[in-house]
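This report refers to the structure that appears directly beneath it.
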There are 2 protein chains.
Amino acid sequence: MARTPVVSTALLTLMRERHHHAWTLEDLHAALAEREIAADFSSVFRAAEKLAAAGDIRKLTLEDGRARFELFDAHHDHLHCTRCGELVPVPCLLGPGNFAALEREAGVAILDHHLVLSGICRDCRTVPSPGASA
Amino acid sequence: MARTPVVSTALLTLMRERHHHAWTLEDLHAALAEREIAADFSSVFRAAEKLAAAGDIRKLTLEDGRARFELFDAHHDHLHCTRCGELVPVPCLLGPGNFAALEREAGVAILDHHLVLSGICRDCRTVPSPGASA
DNA sequence: ATATATGCAAACGCTTTGCATAGAG
DNA sequence: CTCTATGCAAAGCGTTTGCATATAT
């Protein structure tokens, strides 16, 4: 290469070290800043896109219209916690077996799926809600 | 009321008459135009939001970040055709039974879900692909 | 008069791109 | 010299809002 890709590398390191699951660009940008890496937003964007294109991370978009990035490991689905807003990974609930009947009956071909559950994550279930005693 | 809601009414009529399933604001705006209803984009937006708030229609947002509106009937999921781009309704594949184990094991509570399948819709499977002979 | 519907134009939020610079090979 | 990474600033795109006007009750 012609220049050391500081941002890409830092992003990957970050995502591997921290537990935070799905990162918005803003999350990534802020996390880099905490580590004294004052990257520009566009650089974070480009680095994330590049990593996604390379298959290192995965990009997904939620109902709220904001992009999220996560490490690209085994397929899993997500739970969007309506209380804390986190996008929590959950094991995939759907396999080919679930699609066979539909494909046959509806005459469609299913190649992939994207499932987002809405509900309350484990952490929020064990913690009193924010305004509980206020 | 204080003024006849032309746009809202027209939208509802439109969505009930045509088969087009999930409408973007642009779709709605264009369809109204075809019917000589030159509504402003913001009016279409406001009318759609109002109908959604009233429970007549449902608003959803896809990976592409664009809002879609559809008549609010029985819950169903969607197939996003990667060939023609349509968002086709398919019967819901997930019921409480699918969530029980996950809720128990992961300690979460699931209230709703949003499933989008990716694949090829029936129409596209029976028609040669756009660039097939070109 | 009052309350809702609409048009017009501008603001917004997030994403994306153009252009110039920097630095490694 | 060439090629990629980065910063800065601005453009894009779809959505949303502020304000003035129109109209039915």
Side-chain angles (χ1 to χ4, degrees), chain A residues 1-15 22-70 80 85-87 116, chain B residues 1-15 20 22-70 80 85-87 114 116:
Chain A
M1 61 197 84
R3 192 181 172 181
T4 318
V6 179
V7 182
S8 302
T9 309
L11 285 187
L12 221 37
T13 303
L14 190 62
M15 295 175 81
W23 308 71
T24 61
L25 282 176
E26 200 180 345
D27 290 338
L28 293 171
H29 185 248
L32 288 185
E34 279 178 28
R35 300 195 169 191
E36 319 279 86
I37 301 175
D40 187 75
F41 217 89
S42 64
S43 302
V44 178
F45 165 73
R46 280 191 269 231
E49 288 291 315
K50 172 158 294 191
L51 290 173
D56 293 314
I57 66 178
R58 193 157 73 108
K59 179 184 188 176
L60 33 147
T61 304
L62 247 57
E63 288 270 320
D64 67 3
R66 302 185 58 176
R68 319 264 168 152
F69 297 88
E70 63 179 14
H80 193 194
E86 272 308 292
L87 191 63
V116 179
Chain B
M1 62 198 81
R3 190 180 172 181
T4 317
V6 178
V7 181
S8 302
T9 309
L11 284 188
L12 220 37
T13 304
L14 190 61
M15 296 177 80
H20 191 107
W23 307 70
T24 61
L25 282 176
E26 200 181 345
D27 289 339
L28 293 170
H29 185 247
L32 287 185
E34 279 178 29
R35 300 195 168 190
E36 321 279 86
I37 301 175
D40 185 75
F41 217 89
S42 65
S43 302
V44 177
F45 165 73
R46 279 191 269 233
E49 288 291 315
K50 172 158 294 191
L51 290 174
D56 293 313
I57 67 180
R58 192 158 74 109
K59 180 183 187 175
L60 33 148
T61 303
L62 247 56
E63 287 271 317
D64 66 2
R66 303 186 55 175
R68 320 263 168 151
F69 296 89
E70 63 179 16
H80 192 195
E86 272 308 292
L87 192 63
H114 181 65
V116 179

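Atoms considered below: every heavy atom in the structure, side chains included; atoms not considered: hydrogens, waters and symmetry mates. Below, chain A is the first sequence line, B the second, and so on; all start at residue 1.
For C/dA5, neither phosphate oxygen OP1 nor OP2 lies less than 4.0 angstrom from any side-chain nitrogen or oxygen of B/Ser43. Here A/Thr4 does not reach the OP1 or OP2 of C/dA24: none of its side-chain N or O atoms lies under 4.0 Å away. In this structure, B/Lys59 does not reach the D/dG14 phosphate: none of its side-chain N or O atoms is under 4.0 Å from OP1 or OP2. Dashed line: the shortest gap from a side-chain N or O of A/Arg66 to OP1 or OP2 of C/dC14 is under 4.0 Å.
Across all their heavy atoms, A/Leu11 and A/Val44 have their closest contact at CD1-O, 4.1 Å. Of all heavy-atom pairs spanning A/Ala48 and A/Ile57, the tightest one is O-CD1, 3.5 Å. Contact detail for A/Ala10 and A/Ile37: the closest heavy-atom pair is CB-CD1, 3.6 Å.
Within the 4.0 angstrom heavy-atom criterion, no nucleotide atom of any strand lies near B/Ala47. Backbone-only contact: A/Ala38 has heavy atoms under 4.0 Å from sugar-phosphate atoms and none from a base. If you check every strand for non-hydrogen atoms under 4.0 Å, B/Ser42 touches a base. Among the protein residues, B/Glu49 comes within range of the sugar-phosphate backbone only, with heavy atoms under 4.0 Å from sugar or phosphate atoms but none that close to a base.
Atoms CG (A/Asp64) and P (C/dC14) sit 9 Å apart, rounded to a whole Å. Distance B/His29 NE2 to D/dT16 C1': 15 Å, rounded to the nearest Å. For the pair A/Leu25 CG and C/dT16 P, the computed distance is 8 Å after rounding to whole Å. As rounded to whole Å, 8 Å separates atom C1' of D/dG14 from atom CZ of B/Phe41. Straight-line distance from the CG atom of B/Asp40 to the C1' atom of C/dA10: 12 Å, rounded to whole Å. The distance from atom CG of A/Asp27 to atom C1' of C/dC14 is 14 Å, rounded to the nearest whole Å. Rounded to whole Å, atom C1' of C/dG7 lies 15 Å from atom CD1 of B/Ile37. With rounding to whole Å, A/Leu60 atom CG is found 12 Å from C/dT15 atom P.
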Only distances under 3.5 Å count here; give the side-chain donor-acceptor pairs of residues 60-69 of chain A to other protein atoms, sequence neighbours excluded, each with its distance to 0.1 Å.
from    : atom 1 : to       : atom 2 : distance (Å)
A/Thr61 : OG1    : B/Glu63  : O      : 3.4
A/Glu63 : OE1    : B/Thr61  : N      : 3.4
A/Glu63 : OE2    : B/Thr61  : N      : 3.4
A/Glu63 : OE2    : B/His114 : NE2    : 2.8
A/Asp64 : OD1    : A/Arg66  : N      : 2.8
A/Asp64 : OD2    : A/Arg68  : NH2    : 2.5
A/Arg66 : NH2    : A/Glu26  : OE1    : 2.7

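Closest to the side chain of A/Lys50, out of C/dT15, D/dT16, D/dA5, is D/dA5.
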Would you sort out whether B/Trp23 and B/Leu14 count as a side chain to side chain contact (heavy atoms under 4.5 Å, CB included), showing the intermediate values? CA-CA 10 Å; B/Trp23 307 70; B/Leu14 190 61; 3.9 Å; yes

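In this structure, B/Gly65 and B/Arg46 both approach DNA chain D, and ranking their closest nucleotides by distance from the 5' end singles out B/Gly65.
On a pure distance criterion of 3.5 Å, no polar donor-acceptor pair joins the side chain of A/Arg3 and the base of C/dA24.
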